[in-house]
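Each residue takes its place number in the sequence, starting with 1.
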Amino acid sequence: MSSLDQDQQLYPGCRDKTTVSGDSSDIHELSKQPLQGLKLASHAVLEKAQQNGRLKCSKCGGSRMFFCYTCCSLVGVGIQEIPLIKLPVKIDIIKHPNETDGKSTAIHAKILAPDDVTIYTYPCIPEYEEDKVVLVFPGPGAVSVQDMVQCLRDRGSNRSHDSSGEPCPKRLKREEVQDATQAAKQSEPETTEEEKTLESRVFPLQRVVFIDSTWNQTNKIITDERLQGFLQVELKTRKTCFWRSQKGKPATYLATIEAIYYFLMDFHQHCLAQRYSGEYDNLLFFYSYLHSVVNKAKTLAGK
């Protein structure tokens, strides 16, 4: 086994390049200066864990490094030693059942932002309200993050005009849950004017859906009738620095964690109207470290 193979076995990254499309380019050139200038927590804890080697997951007994991608739990690393991130919007990831757990970067998002990220394995798809959710996936009708919120508002307005006015039992049930949640929050501190302003900028967006799969496997999920009718968002200008490129695919096919990260960057700037200062950089905490490990192995192997 080559040193590169050993490093990839240390923690195989995902093969999921499903989120954006564009012109082909040389990924080798892109990898020369990737992930520069990120505001990241120290990788010292990962370096130490790597030196200690693989350990058994206390839940499933699997041999793991850093975390267990099956149980979504840390292994050989304490929760207090990694950065935890609060996201401005909830994220759902629909994972293809044939996508190998150990080759998916979706787990990075779940571990680093546990309160805001949920992973579902297809065919499990939650019930969504179309006018409050977007699907990050390329398509002929896909819009940019910058235009996303206004498009949602327009769609919601058009639907309300076309509606018969008859109540929907399922929608009413959701509203009752929301009312109960709102009542529970009345004892909390009042929302500041700044928070109200931010909420108004992103309303009605409540959740963002990503597909976690290899590109060749996406058709089964994206054509599911439960995902039809959603506003699709495309990241057209971002390029991957993933170390296991798909031959013949454009460099704009991103790994899942890259897609989430770049979406949030654009969301922060264009929807929240705030200057981006590295608020979500730590979503790449594991990804950037693994990138450096693999590239180092390639250099040592003379590749």
Minimum heavy-atom separation for [X] and [Y], please, with both atom names.
X: Ala259; Y: Leu235; value: O-CD1, 3.5 Å
X: Ile221; Y: Lys95; value: CD1-C, 4.3 Å
X: Ala109; Y: Leu283; value: CA-CD2, 4.5 Å
X: Lys239; Y: Leu254; value: C-CD2, 3.7 Å

Set of side-chain hydrogen bond (donor to acceptor under 3.5 Å, both in side chains) partners for [X], sequence neighbours left out:
X: His270; value: none
X: His96; value: none
X: Tyr262; value: none
X: Thr70; value: Arg64

Pairwise side-chain contact, [X] with [Y], heavy-atom cut-off 4.5 Å (strictly under):
X: Val145; Y: Cys271; value: yes
X: Val202; Y: Leu272; value: yes
X: Ile107; Y: Ile257; value: no
X: Val136; Y: Val209; value: no
X: Lys39; Y: Ser277; value: yes
X: Ile94; Y: Pro126; value: yes
X: Ile119; Y: Asp212; value: no
X: Phe137; Y: Glu234; value: no

If you apply the rule side-chain contact (heavy atoms from CB on, under 4.5 Å), what do you find for Leu35 with Tyr287, and how did you get there? CA-CA 10 Å; Leu35 307 176; Tyr287 186 80; 4.3 Å; yes
Does either side chain, that of Glu47 or that of Tyr289, offer a donor lying less than 3.5 Å from an acceptor on the other one?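 Side chains of Glu47 and Tyr289: no pair found under 3.5 Å.
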All ring pair (Phe, Tyr, Trp, His ring centres under 6.0 Å) counterparts of Tyr120, not counting sequence neighbours: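 Checked Tyr120 against ring pair (Phe, Tyr, Trp, His ring centres under 6.0 Å); zero matches.
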Does Tyr261 have any ring pair (Phe, Tyr, Trp, His ring centres under 6.0 Å) partners at least two apart in sequence or in another chain, and if so, which? none
If you apply the rule side-chain contact (heavy atoms from CB on, under 4.5 Å), what do you find for Lys132 with Leu205, and how did you get there? CA-CA 5 Å; Lys132 297 181 180 180; Leu205 181 64; over 6 Å; no
Just by distance, do the side chain of [X] and the backbone of [Y] share a donor-acceptor pair under 3.5 Å?
X: Glu99; Y: Thr121; value: no
X: Tyr276; Y: Tyr280; value: yes
X: Lys48; Y: Asn52; value: no
X: Glu258; Y: Cys241; value: yes
X: Ser104; Y: Asp101; value: no

What is the distance from atom [atom1] of [X] to atom [atom2] of [Y], rounded to the nearest 0.5 Å?
X: Gln206; Y: Asp131; atom1: CD; atom2: CG; result: 10.5 Å
X: Arg226; Y: Glu127; atom1: CZ; atom2: CD; result: 10.5 Å
X: Gln232; Y: Leu135; atom1: CD; atom2: CG; result: 5.0 Å
X: Asn282; Y: Ser288; atom1: CG; atom2: OG; result: 8.0 Å
X: Lys90; Y: Arg207; atom1: NZ; atom2: CZ; result: 7.0 Å
X: Phe66; Y: Ile111; atom1: CZ; atom2: CD1; result: 11.5 Å

So if you build clusters from Ile, Leu, Val, Met, Phe, Trp, Tyr with side-chain heavy-atom gaps below 4.5 Å, do Met65 and Leu55 land together? no
Do any pairs count as a salt bridge (charged side-chain N to carboxylate O under 4.0 Å, His left out) and have a residue in residues 261-271, sequence neighbours left out, and if so which ones?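 Passing the test, one end in residues 261-271: Arg238-Asp266.
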What pairs of residues pass the salt bridge (charged side-chain N to carboxylate O under 4.0 Å, His left out) test when at least one of them lies in residues 268-279, not counting sequence neighbours? none
All side chain to side chain contact (heavy atoms under 4.5 Å, CB included) counterparts of Asp115, not counting sequence neighbours: none
Could you pull out every donor-acceptor pair under 3.5 Å between side chains of residues 146-154 and any protein atom, sequence neighbours left out?
| from | atom 1 | to | atom 2 | distance (Å) |
| --- | --- | --- | --- | --- |
| Asp147 | OD2 | Ser144 | OG | 3.3 |
| Gln150 | NE2 | Asp154 | OD1 | 2.9 |
| Arg153 | NE | Phe203 | O | 2.8 |
| Arg153 | NH2 | Ser200 | O | 2.3 |
| Arg153 | NH2 | Arg201 | O | 3.3 |
| Arg153 | NH2 | Phe203 | O | 3.3 |

Under 3.5 Å donor-acceptor pairs involving side-chain atoms of residues 71-89, not counting sequence neighbours:
| from | atom 1 | to | atom 2 | distance (Å) |
| --- | --- | --- | --- | --- |
| Glu81 | OE1 | Gly78 | N | 2.7 |
| Lys86 | NZ | Asp116 | OD1 | 3.2 |

Students often mix this up, so state it plainly: with edges at 30° and 60°, are the rings of His43 and Phe285 parallel, tilted or perpendicular?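 If you compare the ring of His43 with that of Phe285, the planes turn out tilted.
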Parallel, tilted or perpendicular: ring planes of Phe263 versus Phe267, cut at 30 and 60 degrees: parallel
